[in-house]
Amino acid sequence: MDYILEMRNVSKRFGEVQALQPVNFVVARNEVVGLVGDNGAGKSTLIKIITGYHQPDTGEIYFNGKKIEHLTVAKARDLGIEPVYQERALADQQTLWRNIFMGRELVTYAGLLDVKKMRQETQKLMRESMGFTSAAVTPDSVVRTFSGGEKQGVAIVRALYFQAELIILDEPTMGLSLSETRKLLDFVREIKRAGKSCIFIDHNVFHVYTVADRIVVLDRGAVAGEFLTKDITLESLMDKMYRVAQTGSLD
Amino acid sequence: MTSREDPAVAVSQRRLLWEEWEDGLARFARKYGLQIGIICVLLVIWGVFIIGAPATFLSREIYAAFMSTIPFFALIALPLTLVIIAGEIDLCFPSIMAMGTLVFVKVLEATGSPGVAFVFCLVTGFLIGLLNGVIVVRLGIPSLVATIGTQFFWRGVVLVVTGGHPASLVPVKGTFLYQVLVGRLGGYVPAQMLWTIFVAVLVWVILNRHKFGAHVYLTGDNRESARLMGVNVARTRMMTFALVGLAAAFSGILASLEVNYFWVTLGEGYLMKTLASVYLGGTSAFGGVGTILGTFVGCFIIGTIEAGTVAVGLSGFWTQLIYGLIIVLSVAMHAALNRRLAK
Ligand SMILES: Nc1ncnc2c1ncn2[C@@H]1O[C@H](COP(=O)(O)OP(=O)(O)OP(=O)(O)O)[C@@H](O)[C@H]1O
Ligand SMILES: [Mg+2]
């Protein structure tokens, strides 16, 4: 099998809390993996290890079959791993274009910013991908005044722009309206169609079930089970998840 | 039918144009409102002093005096703006001014070369600043506390090493270095003023047109977001402290050369003026917001008030009262403007 991401025996502890037991986790090329589990199950911890934000205590990470040592956020983004975080990760008082290019500013030489290009690209993204139609919003608008959905749009477009190989969405539908949620699910399908891979975290099983190829259930920091969506009905999946939350085992 | 023939369409188009213009104006105001505001404050204060003390404020001498003394704290206020935008504070720089000049004096004694002494002076400032950054970032001590501590420590080092005795810099007078640092261009414009303009442009470019500056804004705005998106927050924070250290040493040696003497108290009295200039210029104490133009103008407001209160016939005792008033009013203005523009 051709894996874009492979994690072996990766674990993470925060002081007293063993947020992640040693887990194995893979994402195949052009696969959408749904990651589900109770609050505090360790989903965000797992993906923050993939994005280089947390350093794992144990285990190895392979990207495109190559072992990666000391993954940092900058390194992960260079490899093509783009996160859209639960927290959205925006800087509220800064302009739209500064947010889009946060941490990956376009530069000319000696680290000098290519402000003109970043503004233009932002303008283009706004028109083509974010659906901002109001003339009041420009690349120089400060994101503080954006609505929750608009902010999420910024975070998603940011991931899109950098042509990520693996896009990680942590509860992206949180706070989105029905139509915005549908747009987001279409966006995940679009990732699939473009041949890219995706990890999709959501508490709404309906959302996960409709877009994921495979669903991984996390419970108390360990993988409790995984299913191909084509092999399981929505009812039995919900059944199993409920049982895991109650008893810690699938059957 | 074209719009030119249909008055209704023409009117609606005119309205559209007008709205667009209004939109543009609002955007302009949002972007530059604070900077325009602070320039207006300077003009008003200047106007008041010209009316109140025309003999002084219409003479060439007062402006020569401004250009020779304001740079000593403006040079530090400019990079200090970066520290404050990054959400930190630095109170150590008065002692760095003295430490830099102390090293200058010692190296000059040892080598006899003002050039070498000058380089050591700057390196000293940079390293002490960097050390502040390391203490704040690596040990996780709030910068307010850490830099109060280091301020006392380095002042103590100066006092212990010198035994409190000043040192003469008269031998440096007339050297090339002296001319370049504090000479008078055309017999009128002090070199330190030109240095201040140069540093202001340089810091502006760093803050607004360089990756480092972008990271300074992001770090101060939302440290967690910046970290999540791969900004090297630790290095950014440490570097801002190092830049203030470098600037403080530079300003210290300039201030000493100007009076041909190294006083061990060098830098005392600059702390409040420098901080006030930055806050006056609209830099947010909460981080994430601030401009170099604002700080630059802020410095001249502080300098003008200092000279002006005495010139209009008030006693020097009034200076602080007026400082306080202007600072509180300006910061209140910034806060009000900010709230308006945020809507
Ligand atoms: N930085 C941290 N420091 C200490 N503990 C942490 C930290 N991050 C997470 N934890 C703990 O690790 C556990 C797993 O948290 P995590 O955020 O991964 O859960 P999650 O599955 O994403 O939950 P949710 O669905 O609520 O987002 C929790 O008990 C949490 O309190
Ligand atoms: Mg989470």
Side-chain angles (χ1 to χ4, degrees), chain A residues 44 47-48 51-54 71-78 81-95 97-116 118 134-145 151 155 158-159 162 168 170, chain B residues 16-17 19-34 85-87 202 204-236 239 282-284 286-290 338-343:
Chain A
S44 296
I47 62 123
K48 279 180 180 168
T51 57
Y53 183 74
H54 288 318
L71 194 61
T72 61
V73 177
K75 212 193 244 181
R77 294 185 82 187
D78 278 342
I81 303 172
E82 281 292 332
V84 177
Y85 287 108
Q86 198 169 0
E87 307 87 320
R88 301 209 163 122
L90 299 178
D92 262 357
Q93 296 162 287
Q94 309 304 316
T95 58
W97 68 265
R98 280 183 187 270
N99 270 284
I100 295 274
F101 291 94
M102 185 189 309
R104 291 195 84 177
E105 294 80 8
L106 304 181
V107 293
T108 49
Y109 49 89
L112 287 174
L113 299 177
D114 194 345
V115 175
K116 198 168 147 221
M118 287 192 275
S134 154
V137 177
T138 72
D140 285 301
S141 297
V142 172
V143 304
R144 173 166 54 183
T145 54
K151 283 186 185 174
R158 181 165 63 185
F162 292 104
I168 299 176
D170 192 352
Chain B
L16 255 181
L17 259 176
E19 272 168 15
E20 226 168 77
W21 191 79
E22 233 180 4
D23 255 13
L25 195 72
R27 219 172 302 135
F28 183 81
R30 196 167 305 138
K31 211 169 155 203
Y32 300 108
L34 293 179
I85 292 175
L202 188 68
W204 185 89
V205 169
I206 290 174
L207 183 60
N208 295 288
R209 288 293 178 270
H210 195 273
K211 213 169 157 156
F212 172 71
H215 291 181
V216 168
Y217 276 119
L218 295 169
T219 299
D221 190 310
N222 191 330
R223 199 184 287 175
E224 190 57 22
S225 290
R227 204 178 281 141
L228 282 167
M229 297 317 288
V231 172
N232 193 333
V233 169
R235 192 176 60 199
T236 304
M239 208 56 201
T283 299
S284 164
F286 302 106
V289 177
N338 234 336
R339 222 168 311 125
R340 281 271 303 283
L341 299 177
K343 282 196 198 127

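Below, each value reflects all heavy atoms present in this structure, side chains not excepted, and no hydrogens, waters or symmetry copies. Lettering of chains follows the sequences in order, A, B, ..., and the numbering in each one begins at 1.
- To the nearest 0.5 Å, the span separating CG on Asn232(B) from OG1 on Thr72(A) amounts to 9.0 Å.
- The NZ atom of Lys211(B) sits 12.0 Å away from the CZ atom of Phe101(A) when rounded to the nearest 0.5 Å.
- Taking 4.5 Å as the limit, some side-chain heavy atom of Leu218(B) sits within range of a side-chain heavy atom of Glu105(A).
- Not counting sequence neighbours, the partners of Thr95(A) by the side chain to side chain donor-acceptor pair (under 3.5 Å) test are Trp97(A).
- In this structure, Leu113(A) CG and His210(B) NE2 are separated by 7.5 Å, a value rounded to the nearest 0.5 Å.
- For Lys48(A), the part lying near chain B is the side chain, with the backbone staying farther off; criterion is any non-hydrogen pair under 4.5 Å.
- Options Val231(B), Leu228(B), Val205(B), Ile206(B) differ in how many heavy-atom pairs under 4.5 Å they form with chain A, and the most are formed by Leu228(B).
- Every residue meeting the salt bridge (charged side-chain N to carboxylate O under 4.0 Å, His left out) condition with Glu82(A), not counting sequence neighbours, appears here in chain and number order: Arg77(A), Arg104(A).
- In this structure, chain A has heavy atoms under 4.5 Å from both the backbone and the side chain of Arg227(B).
- The part of Leu90(A) that comes within reach of chain B is its backbone (N, CA, C, O), which places non-hydrogen atoms under 4.5 angstrom from that chain.
- Counting heavy-atom pairs closer than 4.5 Å to chain B, the top residue among Asp92(A), Leu106(A), Thr108(A), Asp114(A) is Asp92(A).
- The shortest non-hydrogen separation linking Gln93(A) to Gly288(B) is OE1-CA, 4.2 Å.
- One distance of note links CG of Asn222(B) with CG of Asn99(A); it measures 9.5 Å at 0.5 Å rounding.
- The part of Ala110(A) that comes within reach of chain B is its backbone (N, CA, C, O), which places non-hydrogen atoms under 4.5 angstrom from that chain.
- For the pair Asp221(B) and Gln94(A), the tightest heavy-atom approach, listed with the atom from each and the gap, is OD2-NE2, 3.0 Å.
- For the pair Val115(A)/Asn208(B), no side-chain contact is recorded, criterion being any heavy-atom separation below 4.5 Å from C-beta on.
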